[in-house]
Amino acid sequence: MNVNALRTWGIAVSAAMIAASLAVAAQPAPRVEALQLAQAEQQAAPLSFLVRFRGAGPIARAQRAAGQGETEAAQRQVEVQLGRQRDFAGLCFDRFTIGAAEVVLRTCEAIVPGERAAMQQEWLTRLRAMRAVEYVDANAPATQGRAG
């Protein structure tokens with residue numbers, strides 16, 4: 001057998017194997033990316049705020065009505081007003097606290113962990129600037145499995 005032919009074939013096969021390896025390595029790992037995306041979505045969650053309204057505005061009236069036991073009608077009224085008033089664009093009704101002392105509002109969209117602090121501060125500032133808001137505070141949701 002010719003030694004030069006063997007050497008040439010060896011170089012050609014090695015080059016082909018290296019090229020194939022590089023091509024495979026250049027391909028994205030779809031399962032890893034999908035897993036990372038799924039994990040990021042699981043960590044993303046809405047922010048929520050405890051808000052007490054004052055005055056004679058429609059949300060303050062709804063809050064008072066909820067305190068008197070008319071929670072369903074009050075909830076509908078708050079939801080209508082959140083959709084109607086531009087200042088609340090991006091916030092959704094979550095619930096009333098016990099006795100309707102506050103309205104719990106949440107961001108309609110889930111917020112990823114890297115944006116949570118900035119988005120929370122932005123909403124706190126915006127809500128505190130509203131005349132109808134008596135006070136607002138971030139609502140720390142309870143987590144399951146936490147010892148109490």
Side-chain angles (χ1 to χ4, degrees), residues 9-148:
W9 275 103
I11 291 170
V13 170
S14 296
M17 296 291 282
I18 290 171
S21 297
L22 289 173
V24 169
Q27 296 294 321
R31 291 182 180 169
V32 171
E33 289 175 0
L35 179 61
Q36 289 172 343
L37 181 60
Q39 289 174 340
E41 288 176 356
Q42 287 176 353
Q43 294 172 351
L47 294 171
S48 62
F49 305 92
L50 297 169
V51 186
R52 178 180 292 167
F53 291 90
R54 64 175 163 227
I59 298 177
R61 287 194 311 266
Q63 184 177 344
R64 285 191 296 276
Q68 297 169 353
E70 302 171 25
T71 54
E72 289 180 22
Q75 177 178 341
R76 283 191 302 276
Q77 179 64 21
V78 172
E79 289 170 344
V80 165
Q81 292 304 314
L82 291 176
R84 193 177 284 170
Q85 298 182 34
R86 285 187 199 160
D87 291 340
F88 294 107
L91 289 180
C92 291
F93 176 82
D94 191 39
R95 65 186 182 282
F96 293 104
T97 59
I98 296 174
E102 297 100 6
V103 178
V104 180
L105 301 178
R106 62 173 168 73
T107 56
C108 299
E109 300 291 324
I111 310 299
V112 295
E115 298 174 7
R116 292 179 73 76
M119 185 64 71
Q120 180 174 322
Q121 188 57 47
E122 179 183 332
W123 273 113
L124 288 171
T125 301
R126 287 175 64 180
L127 289 166
R128 286 178 180 143
M130 296 178 189
R131 286 183 294 146
V133 172
E134 185 174 333
Y135 79 85
V136 62
D137 199 4
N139 184 33
T143 57
Q144 291 183 348
R146 200 169 146 190

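Just the heavy atoms: all of them, side chains too, but no hydrogens, waters or symmetry mates, feed the values below.
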## Note on the structure
Separation between OG (Ser48) and CD (Gln120), nearest 0.5 Å, reads 8.5 Å
### Query
Of the non-hydrogen atoms in Ala74 and Ala62, which two are nearest, and what is the gap between them?
CB-O, 3.1 Å
### Query
Does the side chain of Leu50 reach to within under 4.5 Å of the side chain of Val136, using non-hydrogen atoms?
no
### Query
How would you list, by chain and number, every residue that makes a side chain to side chain contact (heavy atoms under 4.5 Å, CB included) with Cys92, sequence neighbours excluded?
Arg106, Cys108
### Query
To the nearest 0.5 Å, how far apart are CG in Leu127 and OH in Tyr135?
12.5 Å
#### Entry: Atom pair CZ (Phe53) and CZ (Arg131), whose distance is rounded to the nearest 0.5 Å
13.5 Å
### Task
Report the residue from Glu102, Gln63, Arg52 that forms a side-chain hydrogen bond (donor to acceptor under 3.5 Å, both in side chains) with Thr97.
Glu102
### Query
Atom CD of Glu79 and atom CD1 of Ile59: how far apart are they, to the nearest 0.5 Å?
11.0 Å
### Val78 and Gln75, any side-chain heavy atoms less than 4.5 Å apart
no
### Over all atoms of both residues, closest heavy-atom pair of Gln77 and Pro58
NE2-CB, 3.3 Å
### Query
Looking at residues at least two apart in the chain, or sitting in another chain, which of them share a side chain to side chain contact (heavy atoms under 4.5 Å, CB included) with Arg84?
Val80, Gln81
### Message
Is it the case that over 12 heavy atoms from other parts of the model lie below 6.0 angstrom from the CD atom of Glu109?
### Response
no
### Message
As an exercise, state the distance from CZ of Arg76 to OG1 of Thr71, rounded to the nearest 0.5 Å.
### Response
9.0 Å
### Query
Would you say the side chain of Arg128 lies within less than 4.5 Å of the side chain of Val133, judging by non-hydrogen atoms?
no
### Query
So which heavy atom on Arg116 is nearest to which on Ile111, and how close?
NH1-O, 3.3 Å
### Message
Tell me which one of Thr107, Leu105, Val104 satisfies side chain to side chain contact (heavy atoms under 4.5 Å, CB included) with Asp94.
### Response
Val104
### Query
For the residue pair Gly55 and Ala60, what are the closest heavy atoms and their distance?
O-CB, 3.4 Å
### Message
With rounding to the nearest 0.5 angstrom, report the CG to CG distance, Leu47 to Asn139.
### Response
10.0 Å
### Query
Which heavy atom in Phe93 sits nearest to a heavy atom in Leu82, and how many Å separate them?
N-CD1, 3.3 Å
## Note on the structure
Tightest non-hydrogen contact, residues Phe49 and Ala138, listed as CD2-CA, 4.0 Å
